[in-house]
Amino acid sequence: MSKDLQQEADTSRKLTVKERKSMFRRWIFSAGLGYNFESQQAPSVAFSMRKALRKIYPNDDEYIEAMDNHYKYFNVTPQMGNVILGATLAMEEKDGIKSKDAVQSLKTSLMGPLSGVGDSLFWILFPTIMGSIAGYMALQGNAIGAIIWMAIYIGLYWVKMWLFNLGYTSGTKLVTTLGAKINVFTDAISTMGLMVVGSLISTVVKVYTPLKFQTGKVALSLQTGVFDKIMPGLLPVCLAGLVYWLLGKKSWTPTKIILLIIVICLVGSFTGILGIAK
Amino acid sequence: MPVFLQNILVILLAAYMAWDNGTGNQITGNWPVIIGMLVGLIMGDVNVGLVIGGTLQLMSLGVAAIGGSSIPEYGVATIVGVFLAIRTGASTGTAIAVGLPVGMLTLQFDVIMKIINNFFAHWSQRLLHEKKFEKIDWVFYLTVFCWMLKYVIPITLVVLFGTPIVKAVLHIIPTWFTNGLTIAGGMLPVVGIGMLLRYMPVKKYLTYLILGFVAAAYVKIPVLGIALIGGAAAYAIYQHNSQKLTQEAAVVTDSNQADEGDDFDE
């Protein structure tokens, strides 16, 4: 892919392939580290663009003006940030300080849609699928799942490099080529996420009660005799519904809900209402 | 491996984890199963590391720091749990009982760090205006160093003082308590699931949620199989909707460029 870049090199190109790669690395190895509540990932953006922009703007004043632009609010899934930064780099390299406003609007207009895809893929789909596979393997003392996970994430380095180059070669065209399509993609991929989540409710969530009803001589187990007869995973589904509802309330954070569940389980274990699932 | 060297390596792993998870690499990330394996490797008992890591992995499924939101530090919980289980011989239930609270307390460091980073961000921009360009890098490295401290501080405390405390606690923890935590371990994945459902368009695609549930609960298809069916559905929907999009674009050529990117959600 770097060959393609060299072929289209013309007089407007001020950066070498090596310098661009260095910028990519500065971003991917720092993306969320400067994270703050005011400008979020902006310090990392400034850090990663600093050297490449210096080459583009030898004039101190222009350089400061251009860098100031990158200290503004920025937040994107780190893996997808490459695309945006690649595109802004190409724009600034081509048009210099004149591109300042265009750079800013490209950044703000693309970070939402790209985070939508990035979060779905890198934070939800992959870790959820791989996590449940590797997690169950690990419970049996099998490390293969965890090792494959690491190997895939190491391999992603080159995918991210490709994304960076995609952004760089597209430049301003990025908004028109990706723009609306990316939202369609995020929307579609969420069906995959929802199917996986639906499956997890019945396989990963475990609620079990050892309670028994004594009617005359016959003991009826509440779990196997009633709940499982109605529907497999009846209690997990009810619990999932409850948590979903609670999360919609402003006063309930995930951490509070985790504490609530732990308390319920302790009480349940003490009174014998809840038991360890078999 | 000597005890001293193990301690150092565990603390270094915590530092690496903080760095790796804050970047776009996430090779170890905060993923409990990977961290558990690595701590197990350092401590000389990979099996214990995998079992505790795997348990915490399943507990934390779907709990993701989307848009930089703060969630319990399951990676820290894993390091603490595996470290103490191997040192003291505590059971998986007890290890998680000790690890999880530390992971939740570490969350507070995360919030503090993001406030401190604000100060670093302004410092770095001030240096830019003073034309001390090279120093910007050094301020950033300082940020990274502080960022690592958010994991290094709690883990160091646990490494130094955790073992005797846990050994003392082991004798007084009643069985119902560790059982209760094991039960909680089975129930907690529901929090991640709830968070995912809040993030995704449940009402629009309820069909697929139900399909996924039925495929797993009744038909017993493994998760990868269900993901593939979901992928097929996603592909069909994408094809359909992007075709619709190009048709619409053909009708109204330039009116759809103005409303992009306004659905940015945290």
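Just so it is clear: chains get the letters A, B, ... in the order the sequence lines come, proteins before strands, and each one is counted from 1. Just so you know, these numbers come straight off a predicted model, no measurement behind them.
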Under 4.5 Å from any heavy atom of chain A, what part of [X] do you find: side chain, backbone, both or neither?
X: Tyr235(B); result: neither
X: Thr182(B); result: side chain
X: Ile183(B); result: both
X: Phe177(B); result: both
X: Phe145(B); result: neither
X: His122(B); result: side chain
X: Met200(B); result: side chain
X: Asp137(B); result: both
X: Ala18(B); result: backbone
X: Leu100(B); result: side chain
X: Thr175(B); result: neither

Check your understanding: So does Lys72(A) have more than 12 non-hydrogen atoms from other groups sitting under 6.0 Å from NZ?
Key ->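 Above 12, so yes.
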Review point. Salt bridge between Glu134(B) and Arg50(A), side-chain N to carboxylate O under 4.0 Å?
Key: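 A salt bridge links Glu134(B) with Arg50(A).
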Minimum heavy-atom distance [X]-[Y], with the two atoms named:
X: Ser132(A); Y: Leu58(B); value: CA-CD2, 3.9 Å
X: Ala234(B); Y: Ile189(A); value: CB-CA, 4.0 Å
X: Asn25(B); Y: Ile28(A); value: ND2-O, 3.7 Å

For residues 258-277 of chain A, which side-chain donor-acceptor pairs fall under 3.5 Å, sequence neighbours excluded?
{"unit_1": "Ser269(A)", "atom_1": "OG", "unit_2": "Trp176(B)", "atom_2": "O", "d": "2.6"}
{"unit_1": "Ser269(A)", "atom_1": "OG", "unit_2": "Gly180(B)", "atom_2": "N", "d": "3.4"}
{"unit_1": "Thr271(A)", "atom_1": "OG1", "unit_2": "Val267(A)", "atom_2": "O", "d": "2.9"}
{"unit_1": "Thr271(A)", "atom_1": "OG1", "unit_2": "Gly268(A)", "atom_2": "O", "d": "3.4"}

Practice item. Examine distances only and state if a side-chain atom of Asp68(A) and a backbone atom of His129(B) form a donor-acceptor pair shorter than 3.5 Å. Key: no
Check your understanding: Considering only heavy atoms, which portion of Ala46(A) lies under 4.5 Å from any heavy atom of chain B: side chain, backbone, both, or neither?
Key ->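 Contact with chain B: none, neither part.
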Point to revise | Per-residue contacts, residues 214-222 of chain B versus chain A, heavy atoms under 4.5 Å | key: Ala216(B), Ala217(B), Tyr218(B)
Exercise for review: Identify which of Trp27(A), Trp245(A), Phe122(A), Tyr136(A) forms the greatest number of heavy-atom pairs closer than 4.5 Å to chain B.
Suggested key: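 Going by pairs under 4.5 Å, I would pick Tyr136(A).
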